Structures are given as C-alpha cells and as structure tokens.
Amino acid sequence: MSKITAGFDSPVHDAQQVFRELMEAMSRPGKRVSLDYSTQFGSASLAATQVLLTLADNATRLWLSPHFGTDKALIENIRFHCSSPLTELKSESVFALVRGSELEEFEGFNIGDEQYPDRSTTLIIEVDSLTEGDTLSFAGPGIQSTTEMKVKGLNPLLLLALVTKRSHFPHGVDILFTSGSDVIALPRSTAVTLETEEATCM
C-alpha cells in the first residue's frame, strides 16, 4: 500500500514562503521560527518535512540516520515529492536528516573545501524540544553580543561536538534543529558555548 501523503497545497508559493522563513532563521541564529504548513512525511517532524520539500531536489543527495533510514513512509515521500537520491555516504550528502539522540559526531560529513567552502552538508537535526533542555549560547554574525537556545534530545557526545568539532570557518556544517513545527538555525559561522548550571547560577 502506498504511503504517499500530500505535499504543499501550492508548491511554488508555499516553498517560497518556507524559504523566506528559513533565510530569517539562518540570518538570526538562535531565533526559533515556526513553519506553518501541516504536511508531514513519516516520522519526520512538520518542520523537517517542510525543509525537505523546500530545499531538497534531484540534485541534492540525502543521508538518513538509522532511525529515518528504516522509515518507509518517509523514504517513499522523499522520492515522490523531492526526487532526492539517497546516499549511504555522509561525505556525498548535501543534506542529512538525523535524530539528535543517534548522532555522536560530525566526522564524515562534507565540510566544504578551499575553493568551495559552501559545498558542505546541511544537517537537519530532529530533537525532542526547542523550548527546554540544555542551554546553548551563540555568538557571531547576525547576533548582537550573544543569544541562547534551549534544546532537548541531543546525544551528550554530539552536544560536546557542537562546541569543539563542528566548524573551522569558512569550513564546517550548517545545522537546522527541528522539533514539531519549529526550526532554529546554527550556521557554520556561529560560535557555540554550552552553558553549565554553575555558570547560569553565577
């Protein structure tokens, strides 16, 4: 039985609207942006589904973490609506859809090269919540002084990697954290600090 679900009602208009929201998120790291459409593929969140519908196409290879790699409904809809070829190699991926609890590091993903630093992997990291959990502090372009985000559902090793092993600008991976209909962007140009309870209480 087919597991195909509806995509955007108005593909061009809706994708343009979501693209504008994603550009707002990328230009203001740490800002939680809501994507308003209700389409959903398999176990992917509403936000992750809209990101894929907007950005993925037949020229963008997609890597799926084990959780999503066994989601037949998700894969069938990605192939039908986005035509994105799936790859088993992280280094070949333009986008990667992962569960934050599964991923431990960024090793293996494309971080760009000297000539084309922008040709790196963009990770769509699904988490349990963007309103509670660990506190990450951001600094860099698009941020006045610093800003903070909450995130729940990241592997502790990945949390450490976010601070120490994610980016050597202009190289590195860009990240879109997604939960429900919300997305928060973390561009490679943004520095990350993990706020500890001790630091918060001081």
Side-chain angles (χ1 to χ4, degrees), residues 1-23 25-26 32-110 120-133 150-155 157-158 173-186:
M1 180 180 295
S2 174
K3 296 180 175 62
I4 298 296
T5 58
F8 288 139
D9 291 336
S10 178
V12 174
H13 173 272
D14 296 351
Q16 289 175 341
Q17 178 62 34
V18 172
F19 185 79
R20 285 192 289 269
E21 297 289 355
L22 292 176
M23 291 303 98
M26 288 295 290
R32 183 158 49 91
V33 173
S34 293
L35 306 180
D36 296 331
Y37 298 101
S38 59
T39 186
Q40 186 170 11
F41 297 162
S43 60
S45 69
L46 294 171
T49 298
Q50 292 175 71
V51 170
L52 290 171
L53 274 171
T54 302
L55 301 181
D57 58 28
N58 60 8
T60 56
R61 293 183 181 271
L62 175 66
W63 184 86
L64 301 176
S65 68
H67 171 82
F68 293 115
T70 57
D71 186 337
K72 293 182 179 179
L74 171 65
I75 293 171
E76 189 172 348
N77 278 281
I78 287 172
R79 287 175 171 160
F80 180 81
H81 290 284
C82 308
S83 302
S84 293
L86 301 182
T87 179
E88 295 183 358
L89 299 176
K90 294 178 181 178
S91 60
E92 289 186 349
S93 62
V94 176
F95 296 105
L97 177 63
V98 307
R99 283 293 304 173
S101 57
E102 289 183 297
L103 196 64
E104 295 182 353
E105 59 183 0
F106 300 107
E107 186 72 27
F109 290 109
N110 188 355
S120 61
T121 304
T122 296
L123 277 75
I124 306 162
I125 301 182
E126 291 266 59
V127 296
D128 297 333
S129 175
L130 292 172
T131 59
E132 60 179 349
K150 293 281 190 180
V151 60
K152 181 180 180 181
L154 289 180
N155 186 302
L157 293 177
L158 183 63
V173 296
D174 295 319
I175 295 173
L176 295 170
F177 294 103
T178 52
S179 179
S181 60
D182 293 337
V183 59
I184 293 178
L186 174 57

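Just so we're clear, the structure is a prediction, and the values are computed from it rather than from any experiment.
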Can you check whether H13's main-chain N or O pairs, donor with acceptor, with Q17's side chain at less than 3.5 Å? no
Side chain to side chain contact (heavy atoms under 4.5 Å, CB included) assessment of L176 paired with M26: CA-CA 9 Å; L176 295 170; M26 288 295 290; 4.0 Å; yes
Could you state the interatomic distance from CG (N77) to OG1 (T39), rounded to the nearest 0.5 Å? 7.5 Å
Is any side-chain heavy atom of Q50 closer than 4.5 Å to one of V183? no
Indicate the atoms forming the closest heavy-atom contact of V98 with S65, along with that distance. CA-OG, 3.4 Å
Would you give the length of the straight line joining atom CZ of F41 to atom CZ of F80, rounded to the nearest 0.5 angstrom? 9.5 Å
Distance check, rounded to the nearest 0.5 Å: L62 atom CG versus L52 atom CG? 6.0 Å
Just by distance, do the side chain of T60 and the backbone of A56 share a donor-acceptor pair under 3.5 Å? no
Taking A44's backbone N and O only, do any of them form a donor-acceptor pair with Q40's side chain (distance below 3.5 Å, no angle check)? yes
Heavy-atom donor-acceptor pair, E132 side chain to K152 backbone, under 3.5 Å: no
Is a side-chain N or O of H81 found less than 3.5 angstrom from the main chain of T5, in a donor-acceptor match? yes
Partners meeting side-chain hydrogen bond (donor to acceptor under 3.5 Å, both in side chains) with S120 (sequence neighbours left out): R188
4.5 Å side-chain heavy-atom contact, E76 and I4: yes
Backbone of S45 reached by a side-chain donor or acceptor of E126 within 3.5 Å: yes
Looking at every heavy atom in both P66 and E102, which two are closest together, and how far apart are they? CB-OE2, 3.4 Å
What verdict does the side chain to side chain contact (heavy atoms under 4.5 Å, CB included) test give for F177 and L154, after you've listed the backbone C-alpha separation in whole Å, the side-chain angles of each residue and the deciding distance to 0.1 Å? CA-CA 10 Å; F177 294 103; L154 289 180; 4.2 Å; yes
Which heavy-atom pair separates L158 from L103 by the least distance, and what is that distance? CB-O, 3.2 Å
Which atom of D36 lies closest to which atom of S34, heavy atoms considered: OD1-O, 3.8 Å
Supply the atom-to-atom distance L22 CG to T122 OG1, rounded to the nearest 0.5 angstrom. 10.5 Å
For residues L86 and R79, determine if any side-chain heavy atom of one lies less than 4.5 Å from a side-chain heavy atom of the other. yes
Which class fits the ring pair W63 and F109: parallel under 30°, tilted 30 to 60°, perpendicular over 60°? perpendicular
Where is the tightest heavy-atom contact between N58 and P85, given as atom of each residue plus distance? O-CD, 3.7 Å
Run the side chain to side chain contact (heavy atoms under 4.5 Å, CB included) check on F68 and I124 step by step: do they pass? CA-CA 12 Å; F68 293 115; I124 306 162; over 6 Å; no
Minimal non-hydrogen separation, I184 against R32, with atom names: CG1-CA, 3.6 Å
Looking at side-chain heavy atoms only, is the closest gap between I175 and F106 below 4.5 Å? yes
Between NZ of K72 and OG of S43, what distance do you get to the nearest 0.5 Å? 13.5 Å
In Å, rounded to the nearest 0.5 Å, how long is the span from OG1 of T178 to CG of L46? 10.0 Å
Please enumerate all residues that pass side-chain hydrogen bond (donor to acceptor under 3.5 Å, both in side chains) together with T49, with sequence neighbours excluded. none
S179 side chain to D182 backbone, donor-acceptor under 3.5 Å: no
Main-chain N/O of T121 paired to S93 side chain as donor or acceptor, under 3.5 Å: no
Could you give me the CA-CA distance, side-chain angles and deciding distance for F8 and V18, then say whether side chain to side chain contact (heavy atoms under 4.5 Å, CB included) is met? CA-CA 10 Å; F8 288 139; V18 172; 3.9 Å; yes
Which of these, D71, L97, T87, sits in a side-chain contact (heavy atoms from CB on, under 4.5 Å) with L64? L97
